[in-house]
Protein chains: 2
Amino acid sequence: MLLVANSDYDVAVTEATNSGAATVPSRRGRGDKSSPTIYDIAKLAGVNPSTVSRALSKPGRVSAKTQKIIEDAAEQLNYRVNPFARALPTGRTQTFGLIVADITNPTFFDIIRGAESTGSSRDYTLVLAESAESADTEVTASRRMLSTVDGLILASPRMDDEQIRALAADKPVVVINRDVDGVPCVVPDVTKGIGQAVRSLAANGHKQIAYVAGPAQSWMSARRWEGVQSASEWSKLGAVRVESSKPTVDGGRYVARDILDSGATAVITYNDLLAIGLMQELQAAGVRVPDQISIVGFDDIFGADFTTPPLTTVRSPLGECGSRAATLLLDMLHGNEGPSGAIHVDTELVVRGSSGRLLA
Amino acid sequence: MLLVANSDYDVAVTEATNSGAATVPSRRGRGDKSSPTIYDIAKLAGVNPSTVSRALSKPGRVSAKTQKIIEDAAEQLNYRVNPFARALPTGRTQTFGLIVADITNPTFFDIIRGAESTGSSRDYTLVLAESAESADTEVTASRRMLSTVDGLILASPRMDDEQIRALAADKPVVVINRDVDGVPCVVPDVTKGIGQAVRSLAANGHKQIAYVAGPAQSWMSARRWEGVQSASEWSKLGAVRVESSKPTVDGGRYVARDILDSGATAVITYNDLLAIGLMQELQAAGVRVPDQISIVGFDDIFGADFTTPPLTTVRSPLGECGSRAATLLLDMLHGNEGPSGAIHVDTELVVRGSSGRLLA
DNA sequence: TTGTATGCGTTATCAG
DNA sequence: CTGATAACGCATACAA
């Protein structure tokens, strides 16, 4: 399990000047080593610990005067709340979870980033776990995590709708990259991006286009295939679907043969990794990209522009998805009701060098 | 803050069969909603809660018979310890921290991965935080985190030695990618990899080689420059140092002009990002790689082989560094003394297409 | 508005 | 080997 620490959660500190000698405020009872508690503050401020607790957690439930006294004392002692002690009586942990299929997959990277940064800006700590691409470990990881966090974000979950709803019944849950009925979702609308991609391809003389599919259980892969089909129909292009073994660079390499056999002159892949592997293999076989075959990836991950030619891709605003999911979740944690339908974010085509005019 | 969840920390569960109807074991006093505690187990097992605690935490401090009874009861109730409640009296959190400069930097990715996986295998949860490349936020983040975790790993820290030692005085600390006196360190030994790189360059006819430096505060960048210097001397090559504005792809682009002006025909960069940006810019200017200029990166990050030609690079075993740092830290947490000197791991040259024979 | 008393789930100390 | 009981640090009903 991995946890991303937010940066707040303690009283502002102006580093009490190391003034003179022995005025070190005496710590608690036993071994000096431990950090100050609300009891120390209470003693120093001349109030009851419970008042300190109120002053530091709830705002405005204490007189402005004592509020200031307490804050000053806290600052002077360099006080920080003990998150564990706080979590015990309240049940709230100021923490939310995010489950991804693979921590090292750059696709999830931006999601993580987005979720952690908006979480952090609202004093929440992100707890991260990966499912190792397995639906089973995904549900166990979720279950386990749910007992430790205040809410949960599921990114491209592989488990089935019913299991997701079961989790959502326990604590607030938000899903990314998939539309689950009855559960708040943030899902990129692929139609715009795919539409742009297919029209661009058509304008460049392509007649037959192939879609390299992702994992069978991937809800998103299905949506993307649908998008490619309908856009192709609209643009009067033929569209064929080619299966991949796994959504990785290697998976892209393995699929090169099938692409060649398909007769397509342009291909859209489920994700950028597949596109990169495919392009490498094609080029290694002497196929010129984009002169002979145009390649369009999906997501615009880190490194998509490292290739030669740089990869044309349908950018999915992963960072925004993570960020909006976190916002949604945090709002729910603060009493707001989740939205009824799914929240859609736009995708857009990023034209780089791997797609272009078909040369006879 | 980000936290990577480990996968254990609960009693094995065999999913009590949904046998019949109303035999749901009654939960605690009030609202049914909460999870079972050791009190529930105690009641069900007919023993005292404290005995349950002993049976579940310490091994062998309870009779084999009651041990089994308790474990069975725990399993039946689907019991999981409450980490917060446990942390309170013990101070131990089964958690360790990792501070990196930038979560999205692929260099740290493998470190994170390595640390989290070996941590997880020993029932520890990784807490991750980033310093946003600032020494100041780095030390505050470390301080804050130190109060929440059992130990800390610092990856490529920017703060100065004294601050690191101060942290290490509080709780176990391990440093990666830097040698700090008096603190356990895991640092790649660059001499081997750089030696291989320079000899390979020399063998390919290069006479003058440039090093593109990283951030001024980077301890590692200094070591790498030293390595390049001494290896060049040994191979009778000239070596010049070129400064970069920032250790990113863009930083690499900006430095292209200086490289051309330097007269070097081969360049080794502080990291792969710089190498990739440099290569892109050079190629855009019509320079052929590696025919006219050879480029060697550092680290072998994700995407280093996406480029054309694929990047030759000195691989730094980042994953192993993270893993060994975690092992070290966890050992220290379990009473073992930290090693006296730094632990060194080897680097090695990965020859790909961006380096080769110099064509007149 | 503030103080008092109690509980959160677990471990640790002491008896028995 | 096991049971009672007091912390751990904080929050909260309730009383003042």
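Residue numbering restarts at 1 for every chain, and letters A, B, ... go by the order of the sequence lines. The shown structure was predicted, so the numbers you read here are calculated from the model rather than taken from an experiment.
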Exercise. Looking only at side chains, do Thr118(A) and Arg122(A) share a donor and an acceptor under 3.5 Å apart?
Worked result: no
Exercise. Starting at CD of Gln94(A) and ending at C1' of dG9(D), how long is that distance when rounded to a whole Å?
Worked result: 16 Å
Problem set entry | Whole angstrom value for the distance that separates P of dA11(D) from CD1 of Ile41(A) | 11 Å
Problem set entry | Per Pro89(A) side chain, nearest of listed nucleotides dC14(C), dT10(C), dG7(C) | dG7(C)
Exercise. Roughly how many Å is it from CG in Leu88(A) to P in dT11(C), rounded to a whole number?
Worked result: 12 Å
For this session: Kindly say if Arg92(A) contacts the phosphate of dT12(D), meaning a side-chain N or O under 4.0 Å from OP1 or OP2.
Result: yes
Exercise. Mapping Ser63(B) and Asn48(A) to their closest nucleotides on DNA chain D, which lands nearer the 5' end?
Worked result: Ser63(B)
Seminar exercise, completed: Of the candidates dT11(C), dT2(D), dA5(C), the side chain of Val62(B) sits closest to dT2(D)
For this session: Could you check how far CG of Leu56(A) sits from C1' of dT2(C), rounded to whole Å?
Result: 15 Å
Exercise. Salt bridge between Asp331(A) and Arg324(A), side-chain N to carboxylate O under 4.0 Å?
Worked result: no
For this session: Whole angstrom is fine here: how far is it from OH in Tyr39(A) over to P in dC10(D)?
Result: 9 Å
Exercise. Would you say Tyr79(A) reaches dC10(D)'s phosphate, i.e. side-chain N/O to OP1/OP2 under 4.0 Å?
Worked result: yes
Seminar exercise, completed: Among the nucleotides dG9(C), dG9(D), dT11(C), whichever has the atom closest to the side chain of Thr37(B) is dG9(C)
Exercise. Given that Phe84(A) and Lys58(A) both sit by DNA chain D, which one's nearest nucleotide is further toward the 5' end?
Worked result: Phe84(A)
Problem set entry | Interatomic distance where CZ belongs to Arg54(A) and P belongs to dA11(D) [whole Å] | 11 Å
For this session: For dA11(D), take OP1 and OP2 only and decide whether either is under 4.0 Å from a side-chain N or O of Ser50(A).
Result: no
Seminar exercise, completed: Out of dC10(D), dA11(D), dG3(D), minimum distance to the side chain of Ser57(A) belongs to dA11(D)
Problem set entry | Trace of the side chain to side chain donor-acceptor pair (under 3.5 Å) decision for Asp136(B) with Ser134(B) | CA-CA 5 Å; Asp136(B) 279 347; Ser134(B) 146; 5.2 Å; no
For this session: Using a 4.0 Å heavy-atom cut-off across all strands, classify Val52(A) as base, sugar-phosphate, or nothing.
Result: nothing
Problem set entry | Salt-bridge criterion met for Glu71(B) and Lys68(B) (N-O under 4.0 Å) | no
Problem set entry | Base of dG9(D) paired with side chain of Arg80(A) (donor-acceptor, under 3.5 Å) | no
Problem set entry | Ser53(A) vs dA11(D): side-chain N/O to OP1/OP2 distance below 4.0 Å | yes
Problem set entry | Spacing between Arg61(B) atom CZ and dG3(D) atom P, to the nearest angstrom | 14 Å
Exercise. Can you find a side chain N or O atom of Thr66(A) that sits less than 4.0 Å from OP1 or OP2 on dT1(C)?
Worked result: no
Problem set entry | Ile164(A) and Arg178(A), any side-chain heavy atoms less than 4.5 Å apart | yes
Problem set entry | Between P of dT10(C) and CD1 of Ile70(B), the distance in whole Å | 13 Å
Exercise. Is there a side-chain contact between Leu56(B) and Ile41(B) (heavy atoms, below 4.5 Å)?
Worked result: yes
